[in-house]
Asker: 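I am attaching a structure below and will ask some questions about it afterwards.
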Amino acid sequence: MRLLRLTLVFAALFGVGYAYAAMRLFPAAEDPTDVDFTEIPDLTGVSLAEAGARLSALGLVFTEQGSLHHGEIPTGGVIAQRPLPGQLARAGDTIVLTTSAGIETRVVPDLAGLPSGEAATLLTRLGFEIDIEETDESAAAGAIRTEPAAGTSLPLPARVRLFVSQGKAIVAVPDLQGRHVDDLELLLEEVDLRLGAVRYQVEAPEVPGRVIFQSPAPGSALRGDGFVSVIVAGTPPDSAAADVTRDAALDTVPATPGLES
């Protein structure tokens with residue numbers, strides 16, 4: 001019995017010593033659930049300085065990562081954060097903030113003279129919303145002007161009205177040969193054309209004052225507001241200022257600005 005009693009005492013002392021040594025050499029791991037978490041606040045719209053102060057008070061830190069244009073939040077204000085508001089973070093965690101670069105602006109370009117499709121495409125690529133309005137302000141086809149005018153700086157999003165012309169209609173050149181020079185302007189106005197250069201041939205056998213040659217030729221296609229030039233038989237009313245030729249009528253008349261064949 002005495003031997004048994006000594007054995008039990010020795011075993012108990014050994015167990016206590018082993019447990020103490022194990023605790024000293026292999027301490028228990030920390031309980032991962034025994035950590036304080038903080039709910040991340042919504043920092044949208046506040047300045048970077050204020051965002052830093054709020055996070056610091058919660059034991060959190062921040063880093064700024066880039067900036068983007070924003071139509072409502074002023075320059076320097078927070079527009080995005082990661083992790084998102086409402087998520088949980090531990091003390092010392094880093095919150096990534098993106099700030100506003102302010103409102104983005106664009107200058108309306110000068111599009112006058114460009115083809116309508118090209119002008120519309122350019123406005124769209126610059127970020128503008130466009131309305132296209134046809135007008136007869138110009139005889140030439142293409143873009144004419146914009147509202148607001150070219151050179152205006154606009155905050156995006158912005159709408160621009162583009163005025164375009166389809167150009168004057170194509171008309172047939174009337175036959176003026178044999179008609180009196182005094183009647184030409186009225187005859188041409190009836191088909192939306194204009195009288196161009198008028199030359200005189202003093203030795204022509206035809207009746208003075210009558211057209212003996214025209215360019216473009218009768219029946220030619222010409223866009224509205226185009227010019228028709230003529231050679232007239234005889235001497236002009238104001239011989240000193242007129243364009244007079246003694247040569248026979250040529251096959252062509254010198255080019256007139258705006259004339260299309």
Side-chain angles (χ1 to χ4, degrees), residues 15-112 114-133 143-164:
V16 171
Y18 179 81
Y20 177 77
M23 291 177 61
R24 296 288 295 177
L25 296 175
F26 308 103
E30 294 184 5
D31 185 352
T33 63
D34 189 21
V35 177
D36 291 332
F37 285 91
T38 299
E39 183 176 326
I40 300 173
D42 186 355
L43 302 171
T44 304
V46 305
S47 68
L48 198 60
E50 182 178 348
R54 290 187 187 182
L55 293 174
S56 179
L58 297 174
L60 304 174
V61 296
F62 79 92
T63 181
E64 183 182 2
Q65 188 177 72
S67 60
L68 299 171
H69 289 289
H70 197 282
E72 298 178 359
I73 297 178
T75 302
V78 176
I79 61 173
Q81 63 186 83
R82 189 177 72 247
L84 297 174
Q87 294 186 347
L88 300 179
R90 296 176 297 183
D93 281 354
T94 298
I95 311 302
V96 180
L97 304 178
T98 300
T99 57
S100 170
I103 298 175
E104 186 175 12
T105 61
R106 288 284 190 276
V107 175
V108 179
D110 185 358
L111 304 172
L114 289 180
S116 303
E118 185 177 331
T121 298
L122 180 56
L123 286 174
T124 301
R125 288 180 177 175
L126 287 174
F128 294 115
E129 300 173 358
I130 61 173
D131 294 318
I132 299 178
E133 184 170 324
I144 299 174
R145 58 186 175 87
T146 58
E147 287 184 359
T152 304
S153 181
L154 298 176
L156 296 182
R159 185 170 292 275
V160 174
R161 179 175 295 180
L162 174 63
F163 291 84
V164 301

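The shown structure was predicted, so the numbers you read here are calculated from the model rather than taken from an experiment. Positions are given from 1, in the same order as the sequence printed here.
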Asker: Which heavy atom of Leu60 sits nearest a heavy atom of Ala89, and at what distance?
Answerer: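 Closest approach of Leu60 to Ala89: CD2-CB, 3.9 Å.
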
Asker: Do Ile40 and Pro85 have side-chain heavy atoms sitting under 4.5 Å apart?
Answerer: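 Ile40 does not reach Pro85 side chain to side chain.
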
Asker: Which residue pairs pass the salt bridge (Lys or Arg N to Asp or Glu O under 4.0 Å) test when at least one of the two sits in residues 54-82, sequence neighbours left out?
Answerer: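 Output for this query lists Glu50-Arg54.
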
Asker: Working to the nearest 0.5 Å, report the span between OG1 of Thr121 and CG of Leu126.
Answerer: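 Rounded to the nearest 0.5 Å, the OG1-CG separation comes out at 11.0 Å.
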
Asker: Any chance you could measure Ile79, atom CD1, to His69, atom NE2, to the nearest 0.5 Å?
Answerer: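 Atom-to-atom, Ile79:CD1 and His69:NE2 are 10.0 Å apart.
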
Asker: Between Gly52 and Phe62, what is the shortest heavy-atom contact and its length?
Answerer: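 That would be CA-CE2, 3.4 Å.
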
Asker: Can you measure from OG1 (Thr63) to CD (Gln65) and round to the nearest 0.5 angstrom?
Answerer: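 These two atoms lie 7.0 Å from each other.
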
Asker: At their closest point, which heavy atom of Thr94 faces which heavy atom of Pro83, and how far apart are they?
Answerer: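 What the structure gives for the nearest pair is O-CD, 4.2 Å.
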
Asker: Within this structure, what is the CG-CZ distance for the pair Leu123 and Phe128, rounded to the nearest 0.5 Å?
Answerer: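 Result: 7.0 Å between the selected atoms.
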
Asker: If you take all heavy atoms of Pro41 and Leu58, which pair is closest and at what distance?
Answerer: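 Looks like CD-CD1, 3.7 Å.
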
Asker: So, do Glu39 and Leu88 sit near enough that their side-chain heavy atoms are less than 4.5 Å apart?
Answerer: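 Glu39 vs Leu88: side chains touch.
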
Asker: OG1/Thr146 to CG/Asp131 distance, rounded to the nearest 0.5 angstrom?
Answerer: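 Here the rounded value is 12.5 Å.
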
Asker: I'd like to know whether Leu154 forms a side-chain contact (heavy atoms from CB on, under 4.5 Å) with Val160, so could you lay out the CA-CA distance, the side-chain angles of the two residues, the decisive distance to 0.1 Å, and finally the verdict.
Answerer: CA-CA 10 Å; Leu154 298 176; Val160 174; 4.0 Å; yes

Asker: With sequence neighbours left out, what residues match Ser67 under side chain to side chain contact (heavy atoms under 4.5 Å, CB included)?
Answerer: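 If we apply the side chain to side chain contact (heavy atoms under 4.5 Å, CB included) test to Ser67, skipping adjacent residues, the hits are Thr99, Ala101.
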
Asker: Among all residues two or more places apart in sequence or in another chain, which pass the side chain to side chain contact (heavy atoms under 4.5 Å, CB included) test with Ala143?
Answerer: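 Counting only residues at least two positions away or on another chain, Ala143 forms a side chain to side chain contact (heavy atoms under 4.5 Å, CB included) with Leu111, Ala119, Leu162.
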
Asker: Quick one: closest heavy-atom pair of Val78 and Ala51, and the distance?
Answerer: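 That closest heavy-atom pairing would be CG2-CB, 4.1 Å.
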
Asker: Atom CG of Leu55 and atom CG of Leu97: how far apart are they, to the nearest 0.5 Å?
Answerer: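 With rounding to 0.5 Å, CG (Leu55) is 6.5 Å from CG (Leu97).
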
Asker: Okay, side chain of Ser100, backbone of Ile73: is any donor-acceptor separation there less than 3.5 Å?
Answerer: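 Here the side-chain-to-backbone pair exists.
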
Asker: Quick one: list whatever passes side chain to side chain donor-acceptor pair (under 3.5 Å) with Thr44, sequence neighbours left out.
Answerer: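 Partners of Thr44 by the side chain to side chain donor-acceptor pair (under 3.5 Å) criterion, ordered by chain and then number, come out as Asp42.
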
Asker: Among all residues two or more places apart in sequence or in another chain, which pass the side chain to side chain donor-acceptor pair (under 3.5 Å) test with Glu129?
Answerer: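 Per chain and number, Glu129 pairs via side chain to side chain donor-acceptor pair (under 3.5 Å) with Arg159.
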
Asker: What pairs with Pro155 under side chain to side chain contact (heavy atoms under 4.5 Å, CB included), at least two apart in sequence or on another chain?
Answerer: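 Expected list: Ile103, Thr105.
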
Asker: With Ala80, which residues qualify under side chain to side chain contact (heavy atoms under 4.5 Å, CB included), at least two apart?
Answerer: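 Result, side chain to side chain contact (heavy atoms under 4.5 Å, CB included) vs Ala80: Thr98.
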
Asker: Can you list every salt bridge (Lys or Arg N to Asp or Glu O under 4.0 Å) pair that touches residues 91-103, not counting sequence neighbours?
Answerer: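 Matches after skipping sequence neighbours: none remain.
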
Asker: Can you give me the closest heavy-atom contact between Ile130 and Ala120, atom names plus distance?
Answerer: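 For Ile130 and Ala120, the tightest heavy-atom pair comes out as CD1-CB, 3.6 Å.
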
